[in-house]
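Below is one structure, written out as structure tokens; comments come after it.
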Amino acid sequence: MKAIVFHRYGPPDVLALQDVPVPRPVAGEIRIRVHASTVNRTDTATLRAHPFFARAMTGLLRPKMQTLGMDFAGVVDELGDGVLEFQPGDRVFGLSPDRFGAHAEYLCLPANGAIARIPEGTDFDAAVVCEGAWYANSTTGLLEAGDTCLIYGASGAIGTAAVQLARQRGAVVTAVVGSRHLELAATLGADRIVNYEAEDFTSIGETFDLVFDAVGKTSWRACRPLLKTSGIYAATDLGPYWSNILLSTWSGLSGSGRVRIPFPDDAPGFVRHLAGLMADRKFSGVFDRSYPLDDIVAAFRYVETGQKTGIVVINIP
Ligand SMILES: NC(=O)c1ccc[n+]([C@@H]2O[C@H](COP(=O)([O-])OP(=O)(O)OC[C@H]3O[C@@H](n4cnc5c(N)ncnc54)[C@H](OP(=O)(O)O)[C@@H]3O)[C@@H](O)[C@H]2O)c1
């Protein structure tokens with residue numbers, strides 16, 4: 001099969017399209033013929049082993065996994081022994097957060113993993129929606145109905161999902177985006193939209209139960225005036241000088257819990273939840289552009305600009 005392979009950490013040029021053996025599902029696994037995947041910020045960070053300490057999980061000197069790709073959508077084509085959850089021919093989508101491997105024609109995963117059937121009427125390339133939404137959900141899960149939240153960077157994969165998931169939880173959402181994404185934020189259902197290029201979002205005269213930096217471009221210090229007395233600041237990134245790591249550690253130790261870097265968990269449960277929202281038309285991905293598998297280096301380069309809108313799709317016809 002064709003797969004995108006890398007044997008050392010580095011820039012997108014270390015990726016190569018190669019012929020590798022088609023994997024066989026072992027007991028409890030299914031094999032999926034992958035039709036669509038994505039290049040996301042987890043892929044780009046893993047490719048470069050950034051931050052450095054991530055090597056503890058991905059391989060100290062060289063990558064443990066040779067093929068990236070967390071998001072997948074495709075068709076079940078072979079079952080390992082004992083699999084009852086799926087049948088060959090099922091159209092499925094989901095996440096491969098531990099093994100990656102979706103930048104390839106075939107992928108084997110545990111049948112009880114983060115896999116769900118693609119809702120009726122959804123194409124493969126509209127079903128690769130999980131990575132940003134999974135990260136977003138770990139923060140929007142802090143919200144109760146009626147809470148107010150501000151989502152900074154509501155145009156990225158995490159931000160676009162966060163607006164939708166926060167609305168699903170009954171929160172009142174203020175989305176902060178640049179000029180070119182004002183219309184998008186309205187489409188996603190934001191109650192208030194602030195253009196960070198036209199005004200200082202920290203001086204909008206409102207306070208929030210949750211301020212979520214979904215794009216790693218602000219800080220606890222800048223956002224503090226926006227928080228209610230017991231309000232929470234959450235971020236997806238390390239922050240300036242790793243301040244988010246230090247502050248979230250201190251905030252955990254002191255019991256205040258006011259600064260957090262929420263880590264996503266329960267990928268299987270989340271993918272099934274997302275499938276339900278998609279089937280009910282309560283969640284849909286925001287897609288920027290698509291690349292064929294053999295042009296994946298260009299996709300990585302584009303995602304690394306930090307300028308994508310939502311999700312970048314890889315087609316594997
Ligand atoms: N914790 C983790 O394990 C983890 C996993 C995945 C991602 N991340 C981090 O999470 C962040 C978001 O990931 P993502 O995939 O959602 O990002 P993304 O899709 O790459 O975000 C790009 C978007 O951010 C907007 N943006 C750029 N500069 C901005 C600024 N100064 N203020 C507000 N918006 C700005 C861009 O539009 P405009 O430039 O037009 O505004 C663009 O639409 C990344 O920083 C990534 O490193 C963390």
Side-chain angles (χ1 to χ4, degrees), residues 37-58 68-71 95-98 100 128-140 150-166 174-185 187-188 190 193-202 204 211-219 222-223 226 234-240 242-245 248 259-265 267 270 285-289 299-313:
S37 183
T38 64
V39 173
N40 54 56
R41 298 289 293 265
T42 308
D43 293 317
T44 57
T46 307
L47 179 67
R48 289 187 184 262
H50 175 80
F52 189 83
F53 61 72
R55 289 175 184 241
M57 286 170 291
T58 60
L68 292 168
M70 268 177 96
D71 261 300
L95 262 181
S96 175
D98 303 322
F100 292 72
V128 282
V129 293
C130 294
E131 187 256 8
W134 188 44
Y135 285 111
N137 185 62
S138 58
T139 294
T140 56
L150 178 141
I151 297 168
Y152 185 83
S155 57
I158 298 177
T160 51
V163 174
Q164 297 179 72
L165 295 173
T174 295
V176 183
V177 292
S179 314
R180 71 188 175 114
H181 292 123
L182 295 173
E183 207 178 310
L184 169 67
T187 315
L188 294 172
I193 299 160
V194 177
N195 180 353
Y196 74 83
E197 290 170 320
E199 61 181 306
D200 175 4
F201 77 99
T202 62
I204 56 175
V211 172
F212 179 25
D213 176 7
V215 77
K217 298 285 184 186
T218 181
S219 66
C223 292
L226 291 166
T236 55
D237 277 81
L238 304 177
W242 291 26
S243 54
N244 290 339
I245 295 273
S248 61
V259 181
R260 304 197 192 183
I261 304 182
F263 288 102
D265 60 3
F270 175 67
V286 171
F287 297 97
D288 183 316
R289 59 178 79 174
F300 270 82
R301 287 198 185 115
Y302 177 58
V303 173
E304 283 191 336
T305 64
Q307 293 299 304
K308 72 179 165 68
T309 302
I311 296 163
V312 168
V313 176

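Being a predicted model, the structure only gives us computed values, none of them experimental. Just follow the structure's listing: the first ligand is 1, and inside any ligand the first atom is 1.
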Could you list the donor-acceptor pairs under 3.5 angstrom formed between side-chain atoms of residues 128-138 and any protein atom two or more places apart in sequence or on another chain?
from	atom 1	to	atom 2	distance (Å)
E131	OE2	T42	OG1	2.4
W134	NE1	D265	O	3.0
Y135	OH	T42	OG1	3.4
S138	OG	Y135	O	2.6

Return the closest protein heavy atom for [atom] as residue, atom name and distance.
atom: atom 12 (C) of ligand 1; result: A214 O, 3.0 Å
atom: atom 2 (C) of ligand 1; result: Y135 CE2, 3.7 Å
atom: atom 42 (C) of ligand 1; result: K308 O, 2.9 Å
atom: atom 39 (O) of ligand 1; result: Q307 OE1, 3.0 Å
atom: atom 17 (O) of ligand 1; result: R41 NH1, 3.7 Å
atom: atom 38 (P) of ligand 1; result: Y196 OH, 3.6 Å
atom: atom 10 (O) of ligand 1; result: T236 OG1, 3.0 Å
atom: atom 16 (O) of ligand 1; result: I158 N, 2.8 Å

Heavy-atom side-chain contact between [X] and [Y] under 4.5 Å:
X: I158; Y: F212; value: yes
X: T174; Y: I151; value: no
X: Y196; Y: K217; value: no
X: L238; Y: N244; value: no

Working to the nearest 0.5 Å, report the span between [atom1] of [X] and [atom2] of [Y].
X: M70; Y: N40; atom1: CE; atom2: CG; result: 6.5 Å
X: T160; Y: K308; atom1: OG1; atom2: NZ; result: 7.5 Å
X: D43; Y: R48; atom1: CG; atom2: CZ; result: 13.5 Å

Sequence-distant partners of R260, side chain to side chain donor-acceptor pair (under 3.5 Å), two or more places apart: none
Kindly confirm or rule out an N or O of G159 lying under 3.5 angstrom from an N or O of ligand 1. no
Between T309 and ligand 1, does any nitrogen or oxygen pair lie at a separation below 3.5 Å?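 No: no nitrogen or oxygen of T309 is under 3.5 Å from one in ligand 1.
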Judged by non-hydrogen atoms, does [X] sit under 4.0 Å from ligand 1?
X: N40; value: no
X: E131; value: yes
X: F263; value: no
X: G306; value: yes
X: D237; value: yes

Atoms of ligand 1, numbered as shown, that sit under 4.0 Å from any heavy atom of [X]:
X: K217; value: 28 (N), 29 (C), 30 (C), 31 (N)
X: T42; value: 5 (C), 6 (C)
X: Y152; value: 30 (C), 31 (N), 32 (N), 33 (C)
X: H181; value: 37 (O), 40 (O), 43 (O)
X: G156; value: 16 (O), 18 (P), 19 (O), 21 (O), 23 (C)

Between D213 and T218, is the side chain to side chain donor-acceptor pair (under 3.5 Å) condition met? List the steps. CA-CA 7 Å; D213 176 7; T218 181; 5.4 Å; no
Walk me through whether F300 and L68 qualify under side chain to side chain contact (heavy atoms under 4.5 Å, CB included). CA-CA 11 Å; F300 270 82; L68 292 168; 3.9 Å; yes
Side-chain donor-acceptor pair present, S179, E197, cut-off under 3.5 Å: yes
Ring-ring centroid check F201 Y152, cutoff 6.0 Å: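 Here the rings of Y152 and F201 have centres that are less than 6.0 Å from each other.
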Out of T187, L184, V163, which one pairs with V286 under the side chain to side chain contact (heavy atoms under 4.5 Å, CB included) rule?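 The option that passes is L184.
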Out of R180, E304, E197, indicate the one that has the non-hydrogen atom closest to atom 40 (O) of ligand 1. R180
Answer with side chain, backbone, both or neither: which part of V215 has a heavy atom less than 4.0 angstrom from an atom of ligand 1? both
Side chain or backbone of A45 under 4.0 Å from ligand 1, or both, or neither, by non-hydrogen atoms?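 For A45, no heavy atom sits under 4.0 Å from ligand 1.
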